[in-house]
> 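Sharing a structure with you now.
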Number of protein chains: 2
Amino acid sequence: MRLFLERGFEGTTVAEVAEAAEVSSMTVFRHFPTKEHLVLQDDYDPVIADRLRHRPAGEPVLHRIAASILDGLAELPPDPRLLLARTRLILYTPALRARVWENNHATQQVIVAALPDDDPFEVQVAASACLAVATTVMVRWAETDGHADLRELMAEALAVVTR
Amino acid sequence: MRLFLERGFEGTTVAEVAEAAEVSSMTVFRHFPTKEHLVLQDDYDPVIADRLRHRPAGEPVLHRIAASILDGLAELPPDPRLLLARTRLILYTPALRARVWENNHATQQVIVAALPDDDPFEVQVAASACLAVATTVMVRWAETDGHADLRELMAEALAVVTR
DNA sequence: CCCATTGTGTTAGTCACTAACAATTGTTAC
DNA sequence: GTAACAATTGTTAGTGACTAACACAATGGG
């Protein structure tokens with residue numbers, strides 16, 4: 001991340017990352033399948049899944065997922081600078097931007113697995129919509145340089161879909 | 001497309017595509033910025049934008065976008081085999097799957113531009129949600145080998161978000 | 001102490017993609 | 001018809017992500 005922030009993602013080669021980490025390039029690729037994976041790992045899938053399981057089953061699927069995503073924000077580290085830097089990096093790097101859907105798709109599967117009692121297609125649809133909204137919010141938040149209240153923004157955006 | 005369908009996307013080199021088209025590799029890259037672009041061009045952005053502009057302004061943004069996407073399906077060619085093949089190719093090729101968000105993001109911008117009188121953030125949020133739903137529907141449709149009624153599926157899925 | 005497992009390095013290669021320049025074709029002006 | 005110009009294409013040589021194959025250490029258990 002340090003190198004990427006200093007020189008940009010495309011301006012940094014995997015060989016340089018490897019050298020800075022004092023390993024060979026080969027070793028980097030053994031731990032991260034692609035260069036993009038060095039940036040694009042997020043740890044919030046299990047958080048969301050966990051929140052999902054603790055929701056009353058009466059609510060519509062869409063509401064449960066939206067609420068879980070919103071609640072999950074509480075797990076973010078208090079200092080959002082790293083998150084902001086990462087989001088900006090993703091936002092301005094085509095190769096990274098492109099992988100976002102792949103990431104959301106993986107999260108979708110986790111959500112579907114966490115709600116075995118609901119119609120899988122409906123869950124998939126609701127999850128993809130909510131995650132798209134969440135992504136849009138992150139982009140918007142990064143565009144305000146992190147000055148906007150992330151939770152407030154997320155609540156407002158999810159309301160567009162859940163109301 | 002013929003080569004990609006015969007040998008798979010990763011199993012076909014750009015050099016082979018170039019040879020089949022009787023041009024040099026360089027020429028291919030001058031017309032298509034990446035190998036993925038050979039598959040991932042869709043012509044429905046202007047269709048959707050057009051439908052959007054002919055909607056009554058009274059409706060909520062989300063409904064207008066959803067309805068336009070649904071209406072836009074009418075413009076699809078009557079024989080869906082090519083669309084099905086393309087969707088399948090995208091679905092099973094990680095490199096292509098990854099680019100989907102990039103595509104949807106471009107469509108989002110088109111939608112925002114087509115609705116200059118509405119709150120851009122709300123439009124962005126609604127558009128990203130609807131497009132994510134549409135993508136999920138295409139995936140599902142491809143998984144049924146095109147046997148499902150695409151329009152019906154799309155209507156059902158969009159209803160999850162608009163109801 | 002031996003052996004199997006695991007992690008790592010090395011090398012050589014493929015392939016997407018770029019930059020620079022040369023060759024070709026098409027188009028317009030005269 | 002031809003000269004001047006622009007647009008398109010080809011060629012070459014390169015960079016960099018990523019893979020496959022094999023050799024070499026380190027670790028840990030019997």
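Chain A is the first sequence line, chain B the second, and so forth, proteins listed ahead of strands; every chain is numbered from 1.
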> Does B:Phe32 form a side chain to side chain contact (heavy atoms under 4.5 Å, CB included) with B:Gln41? I'd like the steps, not just the answer.
CA-CA 10 Å; B:Phe32 301 88; B:Gln41 34 177 9; 4.0 Å; yes
> B:Phe4 has an atom CZ; how far is it from atom C1' of C:dA16, in whole Å?
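Rounded to the whole Å, the gap is 12 Å.
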> Below 4.0 angstrom, which residues in residues 6-18 of chain A have at least one non-hydrogen atom near DNA chain D?
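Close to the strand are A:Thr12, A:Thr13, A:Val14.
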> Starting at CD of A:Glu36 and ending at C1' of D:dA17, how long is that distance when rounded to a whole Å?
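My rounded result for the distance is 9 Å.
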> Taking NZ from A:Lys35 and P from D:dA17, how many angstroms apart are they, rounded to a whole number?
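One finds 5 Å between P of D:dA17 and NZ of A:Lys35, rounded.
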> Using whole Å, what does the distance between atom P of nucleotide C:dT14 and atom CZ of A:Phe29 come to?
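Answer to the nearest Å: 18 Å.
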> Quickly work out the B:His37 NE2 to C:dC17 P distance and round it to whole Å.
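Taking NE2 of B:His37 and P of C:dC17, I get 10 Å after rounding.
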> Take atom CG of A:Leu38 and atom C1' of D:dC18, then tell me their distance rounded to the nearest Å.
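Atom-to-atom, A:Leu38 to D:dC18, this comes out as 13 Å.
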> Restricting to ring-ring contact (aromatic ring centres under 6.0 Å, His included), what partner residues turn up for A:Phe9, sequence neighbours left out?
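A:Phe9 satisfies ring-ring contact (aromatic ring centres under 6.0 Å, His included) with A:Phe4 once adjacent residues are dropped.
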> Considering only residues two or more places apart or on different chains, which pairs with a residue in residues 117-141 of chain A satisfy salt bridge (Lys or Arg N to Asp or Glu O under 4.0 Å)?
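Salt bridge (Lys or Arg N to Asp or Glu O under 4.0 Å) check on residues 117-141 of chain A returns A:Arg64-A:Asp118, A:Arg140-A:Glu143.
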> Restricting to non-hydrogen atoms, name the atom on B:Leu70 and the atom on B:Arg151 that form the minimum distance, rounded to 0.1 Å.
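Looking at all heavy atoms of both residues, the closest pair is O-NH1, 3.4 Å.
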> Give me the one residue out of A:Leu150, A:Leu91, A:Ile90, A:Leu84 that meets side-chain contact (heavy atoms from CB on, under 4.5 Å) with A:Met138.
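Looking at A:Leu150, A:Leu91, A:Ile90, A:Leu84, the match for A:Met138 under the side-chain contact (heavy atoms from CB on, under 4.5 Å) is A:Leu150.
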> Is there any protein nitrogen or oxygen under 3.5 Å from a nitrogen or oxygen in nucleotides 5-11 of chain D, and what are the pairs?
{"residue": "D:dT9", "atom": "OP2", "partner": "B:His31", "partner atom": "NE2", "Å": "2.9"}
{"residue": "D:dG10", "atom": "OP2", "partner": "B:Ser24", "partner atom": "N", "Å": "2.9"}
{"residue": "D:dG10", "atom": "OP2", "partner": "B:Ser24", "partner atom": "OG", "Å": "3.0"}
{"residue": "D:dG10", "atom": "OP2", "partner": "B:Thr27", "partner atom": "OG1", "Å": "2.3"}
{"residue": "D:dG10", "atom": "N7", "partner": "B:Arg30", "partner atom": "NH2", "Å": "2.5"}
{"residue": "D:dG10", "atom": "O6", "partner": "B:Arg30", "partner atom": "NH1", "Å": "3.4"}
{"residue": "D:dG10", "atom": "O6", "partner": "B:Arg30", "partner atom": "NH2", "Å": "3.4"}

> Considering only distance and modelled atom types, tabulate donor-acceptor pairs under 3.5 Å from the side chains of residues 49-62 of chain A, sequence neighbours left out.
{"residue": "A:Arg51", "atom": "NH2", "partner": "A:Glu75", "partner atom": "OE2", "Å": "2.5"}
{"residue": "A:His54", "atom": "ND1", "partner": "A:Asp50", "partner atom": "O", "Å": "2.8"}
{"residue": "A:Arg55", "atom": "NH2", "partner": "A:Asp71", "partner atom": "OD2", "Å": "3.0"}

> How would you list, by chain and number, every residue that makes a side chain to side chain donor-acceptor pair (under 3.5 Å) with B:Thr34, sequence neighbours excluded?
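For B:Thr34 the side chain to side chain donor-acceptor pair (under 3.5 Å) partners, ignoring immediate neighbours, are B:Glu36, B:His37.
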> Atom CD of residue position B:Glu22 - does it have more than 12 heavy atoms of other residues, nucleotides or ligands inside 6.0 Å?
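No - once you tally the heavy atoms of other residues, nucleotides and ligands closer than 6.0 Å, there are 12 at most.
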